[in-house]
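Residue numbers begin at 1 in each chain, while the letters A, B, ... track the order of the sequences.
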Protein chains: 2
Amino acid sequence: MTYETKKGAKSDTARFFWRGRLWLEGPEGTFLGYGRVVLLERIRDSGSISAAARSMEMSYKHAWDLLDSMNRQAGCKLVETCRGGKAGGGARLTPAGMKAVALFKHYHARFKELLAELDNGLNLLGWDKGSE
Amino acid sequence: MTYETKKGAKSDTARFFWRGRLWLEGPEGTFLGYGRVVLLERIRDSGSISAAARSMEMSYKHAWDLLDSMNRQAGCKLVETCRGGKAGGGARLTPAGMKAVALFKHYHARFKELLAELDNGLNLLGWDKGSE
DNA sequence: CTCCTTTATGTTTTTTGGTATATAACGGAA
DNA sequence: TTCCGTTATATACCAAAAAACATAAAGGAG
């Protein structure tokens with residue numbers, strides 16, 4: 001999953017295209033969103049919160065706050081950590097964390113599908129290809 | 001179209017639910033989004049930019065900036081205005097503006113459909129109804 | 001005991017997306 | 001000609017979000 005914060009490559013014949021955001025929300029606000037799930041994946045792959053945050057050009061504190069929010073809302077830890085030792089410490093996804101990533105990606109894929117589908121119909125309605 | 005900035009009523013048996021945003025993007029950034037289209041609708045219904053802005057608790061300037069952005073990006077005016085006169089002035093949607101509203105609402109309806117659909121499958125995957 | 005790197009957490013600073021405020025132009029009605 | 005409410009536009013201000021910075025604690029290795 002690449003970490004797209006801006007639009008990707010697009011046909012330059014079309015002036016406009018659909019974009020969107022999808023997230024899972026709970027009583028405390030956002031539970032899982034795109035950036036949060038990328039963070040989880042990076043932690044899974046690097047074994048470190050700080051490395052994951054660095055790779056996303058995100059401050060450690062911000063990453064930690066997001067994880068804290070996710071762990072609290074999930075009711076169980078999605079990421080478990082340890083401090084000290086040879087490598088200084090580390091972090092890894094719990095089974096619940098893995099599940100969260102899979103769940104979001106599954107639903108997000110359907111969302112991306114819809115965006116692509118909407119884009120396909122768009123040029124039929126004028127306003128595209130300078131038809132106005 | 002109600003102007004929902006926060007979640008609406010939801011079944012309180014489900015802990016989480018899907019939310020999202022959809023917008024039409026162009027080279028200059030957002031062209032049409034939810035708030036922008038509500039603004040257009042309010043202008044259509046009230047005949048006034050300032051009345052529309054007031055009804056959304058939005059500053060006139062912010063509303064005007066949004067309209068300016070939309071008019072410029074569309075290549076033609078979505079809203080036409082006049083100053084002075086008995087009522088002080090006014091604004092109304094052009095045919096292109098009407099079309100923009102209809103277009104967005106059409107696509108947004110499909111988006112809302114998807115969100116509802118995603119919510120329906122959600123409780124099957126654990127993490128809901130306290131099953132974890 | 002001292003490094004090292006990371007987790008954990010608080011405080012300060014900056015950025016940013018808006019509101020608030022001010023001012024001018026407009027043009028019909030009184 | 002003076003009002004009025006609106007469009008149009010610039011500038012000042014503010015508050016929430018994010019970043020930047022600071023500091024402590026952990027624990028294995030040397």
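To the nearest angstrom, P of dA25(D) lies 16 Å from CH2 of Trp64(A). Rounded to a whole Å, the CZ atom of Arg72(B) is 11 Å from the P atom of dT9(D). Rounded to whole Å, the distance from CZ on Arg92(A) to P on dT7(C) is 13 Å. Distance, Asp68(B) CG to dT7(D) P: 14 Å, rounded to whole Å. Distance OH (Tyr60(A)) to P (dC21(D)): 18 Å, rounded to an integer number of Å. Straight-line distance from the CG atom of Leu67(A) to the C1' atom of dT9(C): 14 Å, rounded to whole Å. Atom CG of Leu66(A) is separated from atom P of dA8(C) by 14 Å (rounded to the nearest Å). If you measure from atom CD1 of Ile43(A) to atom C1' of dT6(C), you get 13 Å, rounded to the nearest angstrom.
Taking the six-membered ring where the residue is Trp, Trp18(B) and Phe104(A) present tilted rings, their angle falling between 30° and 60°. Ring-plane geometry between Phe111(A) and Phe111(B) is classed as tilted, the angle between the planes lying from 30 to 60 degrees on a 0 to 90 degree scale.
Side chain of Asp119(A) to backbone of Phe17(A): no donor-acceptor contact under 3.5 angstrom is found. No donor-acceptor distance shorter than 3.5 angstrom exists from the side chain of Glu28(A) to the backbone of Met70(A), with no hydrogens or angles considered. Not one N or O on the side chain of Thr81(A) forms a donor-acceptor pair closer than 3.5 Å with the backbone of Ala91(A). Ser46(A) places no side-chain N or O within 3.5 Å of a backbone atom of Ala51(A) that could act as its donor or acceptor partner.
Of the candidate nucleotides dT9(D), dT7(C), dT6(D), dT6(D) has the atom nearest to the side chain of Arg54(B).
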Inset, instruction - Could you go through the side chain to side chain donor-acceptor pair (under 3.5 Å) check for Arg54(B) and Ser48(B) one step at a time? - result: CA-CA 10 Å; Arg54(B) 268 197 304 274; Ser48(B) 155; 5.2 Å; no
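In summary, the side chains of Ser69(A) and Arg36(A) do present a donor paired with an acceptor at a separation below 3.5 Å, with no hydrogens or angles considered.
Of the two residues contacting DNA chain D, namely Lys86(A) and Lys86(B), the nearest-nucleotide position lying further toward the 5' end is that of Lys86(B).
Note on Ser48(B): every side-chain N or O is 4.0 Å or more away from OP1 and OP2 of dG5(D). OP1 and OP2 of dT6(C) both lie 4.0 Å or more from every side-chain N or O belonging to Thr81(A).
Between Trp23(B) and Tyr34(B), the ring centre distance reaches or exceeds 6.0 Å.
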Between protein and nucleotides 22-26 of chain C, what N or O pairs are separated by less than 3.5 Å?
| from | atom 1 | to | atom 2 | distance (Å) |
| --- | --- | --- | --- | --- |
| dC26(C) | O2 | Gly84(B) | N | 2.9 |

Distances for protein N or O near nucleotides 11-20 of chain C N or O, under 3.5 Å:
| from | atom 1 | to | atom 2 | distance (Å) |
| --- | --- | --- | --- | --- |
| dT19(C) | OP2 | Ser59(B) | OG | 2.8 |

